[in-house]
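Heads up, the thing below is written out as structure tokens.
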Amino acid sequence: MGLALTHPNGGPMLALRLDPERARAIAGFDYFSIGVPDKDAIDSLAARLTALGEEHAGVHFATIGWILPLLHDPDGHEVRFYTQQHHTGYEAGEVVTVHNPRESSESREREYHPEHR
């Protein structure tokens with residue numbers, strides 16, 4: 001049993017399947033992320049989720065954009081939101097390797113927002 005969804009503004013389709021046993025087996029795993037346009041949109045989304053009583057970790061500086069992590073669906077799967085807007089520029093075709101993403105992001109966020117020290 002499943003359900004396929006489309007958004008009226010376009011974008012990729014999303015198909016969901018009902019399989020409680022598999023859902024329990026992978027609870028806590030974030031197997032996809034959802035893109036939002038920019039920093040203002042992710043801030044608005046975080047505020048809306050908070051107003052609805054949904055727990056999350058707030059908006060954070062990530063490797064190339066901003067992230068809203070630790071929101072969970074009813075089965076316990078993490079749903080992450082990332083901005084399509086980037087705060088860091090890279091050349092087209094450039095390969096970027098990040099060995100310590102959390103530490104790098106936290107360090108860059110302190111540089112970007114000194115008031116968060």
Side-chain angles (χ1 to χ4, degrees):
M1 179 178 187
L3 175 68
L5 308 165
T6 59
H7 192 279
N9 294 336
M13 290 184 63
L14 174 65
L16 306 171
R17 292 183 180 241
L18 179 61
D19 190 335
E21 184 177 325
R22 286 189 181 156
R24 280 188 298 278
I26 59 172
F29 183 69
D30 64 323
Y31 46 91
F32 69 91
S33 298
I34 300 171
V36 295
D38 54 32
K39 177 75 164 63
D40 289 340
I42 204 166
D43 285 337
S44 294
L45 175 60
R48 174 79 172 131
L49 291 167
T50 298
L52 291 170
E54 297 293 337
E55 292 185 26
H56 56 81
V59 175
H60 295 276
F61 203 85
T63 303
I64 60 172
W66 289 268
I67 182 175
L68 174 58
L70 296 178
L71 175 71
H72 292 88
D73 73 9
D75 291 318
H77 304 115
E78 184 176 350
V79 179
R80 292 179 182 221
F81 293 88
Y82 282 95
T83 60
Q84 295 171 327
Q85 173 191 29
H86 299 161
H87 51 65
T88 304
Y90 295 103
E91 296 296 322
E94 180 180 359
V95 175
V96 177
T97 303
V98 179
H99 296 284
N100 54 355
R102 175 172 281 158
E103 295 83 358
S104 296
S105 295
E106 289 172 353
S107 172
R108 301 268 326 272
E109 185 170 21
R110 285 190 298 274
E111 292 172 15
Y112 194 79
H113 293 287
E115 69 273 13
H116 291 172
R117 291 178 189 211

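Reckoned from all heavy atoms, side chains included, excluding hydrogens, waters and symmetry mates.
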Side-chain contact, heavy-atom cut-off 4.5 Å: V36 with L68?
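Of all side-chain heavy-atom pairs linking L68 with V36, none is under 4.5 Å.
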Find out whether E21 and D19 are in side-chain contact, i.e. whether some heavy atom of one side chain is under 4.5 Å from a heavy atom of the other.
yes
How long is the straight-line distance from [atom2] of [Y] back to [atom1] of [X], given to the nearest 0.5 Å?
X: E78; Y: D73; atom1: CD; atom2: CG; answer: 10.5 Å
X: L45; Y: L71; atom1: CG; atom2: CG; answer: 8.0 Å
X: Q84; Y: D38; atom1: CD; atom2: CG; answer: 9.0 Å

Nearest non-hydrogen partners of [X] and [Y], listed with the distance:
X: W66; Y: I42; result: O-CD1, 3.7 Å
X: V59; Y: A46; result: CG2-CB, 3.8 Å
X: G58; Y: P69; result: O-CD, 3.3 Å
X: A57; Y: L70; result: CB-CD1, 3.6 Å

Give a yes or no on whether the backbone of K39 and the side-chain of Q85 come within a donor-acceptor separation of less than 3.5 Å.
yes
Whether T83 side chain and G65 backbone form a donor-acceptor pair below 3.5 Å
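Such a contact is absent between T83 side chain and G65 backbone.
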Take T50 and H56 through the side chain to side chain contact (heavy atoms under 4.5 Å, CB included) test and state the conclusion after the steps.
CA-CA 8 Å; T50 298; H56 56 81; 2.8 Å; yes
